[in-house]
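Remarks on the structure that follows.
Keep in mind that what you see is a predicted model, and the values were worked out from it rather than measured.
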Amino acid sequence: MKKAKNTQSAKQVSLNETMPHQISAPSFEGTGIKMEPPFVNKHGVTIGDSIYASSNSPLENWTKDTDPSIMAGDEWVHPTNDIGWNTSENRELLESKKKPQAYPFMHPSKDVSQGSD
């Protein structure tokens, strides 16, 4: 049985600053962070397309002689389509970048009513 060839494209995988195909993915809308398209790293592997198998990936061609450090570094991490955004710490980071819901009718970082009652 032949293995099906994975045809990857560099198309945009986000919709309205979200990753709708990832149920737990946060929204980047209103954070000032723009969703970035997938990119191809120096090993010919497309990063950020949400297709996690690539014929060029060391994971797909692993042997006992493969040095795991080959998959270390920024070239293996997509800035906006990465599982790390699903952590509570990174979700809080995104939420802190959003303007308050009452904006523009309140100061974005100062509570002027504090201590007035």
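- Remark: W76 engages H43 in a ring-ring contact (aromatic ring centres under 6.0 Å, His included) (not counting sequence neighbours).
- Distance check: N81 CG to D49 CG gives 8.0 Å after rounding to the nearest 0.5 Å.
- With sequence neighbours excluded, the residues forming a salt bridge (Lys or Arg N to Asp or Glu O under 4.0 Å) with E95 are K98, listed by chain and number.
- Scanning for salt bridge (Lys or Arg N to Asp or Glu O under 4.0 Å) contacts around K97 gives an empty result, with sequence neighbours left out.
- Closest non-hydrogen pair, T46 versus P38, comes out as CG2-CB, 3.9 Å.
- With sequence neighbours excluded, the residues forming a side-chain hydrogen bond (donor to acceptor under 3.5 Å, both in side chains) with S69 are D67, listed by chain and number.
- One hydrophobic cluster, built from ILVMFWY side chains closer than 4.5 Å, cannot hold both V77 and V45; they sit in different ones.
- I47 is not listed as a side-chain neighbour of V40, based on a closest heavy-atom distance of 4.5 Å or more.
- In terms of the side-chain hydrogen bond (donor to acceptor under 3.5 Å, both in side chains) criterion, S88 has no residue partners (sequence neighbours excluded).
- Among residues two or more places apart in sequence or in another chain, the side-chain hydrogen bond (donor to acceptor under 3.5 Å, both in side chains) test is passed with T31 by none.
- Counting only residues at least two apart or in different chains, ring-ring contact (aromatic ring centres under 6.0 Å, His included) contacts with residues 77-99 comprise F28-W85, F39-H78.
- For the residue pair N90 and G84, the shortest heavy atom distance occurs at ND2-O, 2.8 Å.
- The side-chain heavy atoms of E60 and S55, taken from C-beta on, include no pair separated by under 4.5 Å.
- In terms of the side-chain contact (heavy atoms from CB on, under 4.5 Å) criterion, residue partners of T63 (sequence neighbours excluded) are, by chain and number, D65, T66.
- The number of heavy atoms from other shown groups lying within 6.0 Å of CG (D74) does not exceed 12.
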**Request:** Run the numbers on L59 and M71 for side chain to side chain contact (heavy atoms under 4.5 Å, CB included), then give the verdict.
**Result:** CA-CA 9 Å; L59 285 177; M71 293 191 70; 3.5 Å; yes
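- In plain terms, the two heavy atoms of G44 and S54 that are nearest each other are O-OG, 4.3 Å.
- Residues that satisfy the side-chain hydrogen bond (donor to acceptor under 3.5 Å, both in side chains) test with E92, not counting sequence neighbours, are absent from this structure.
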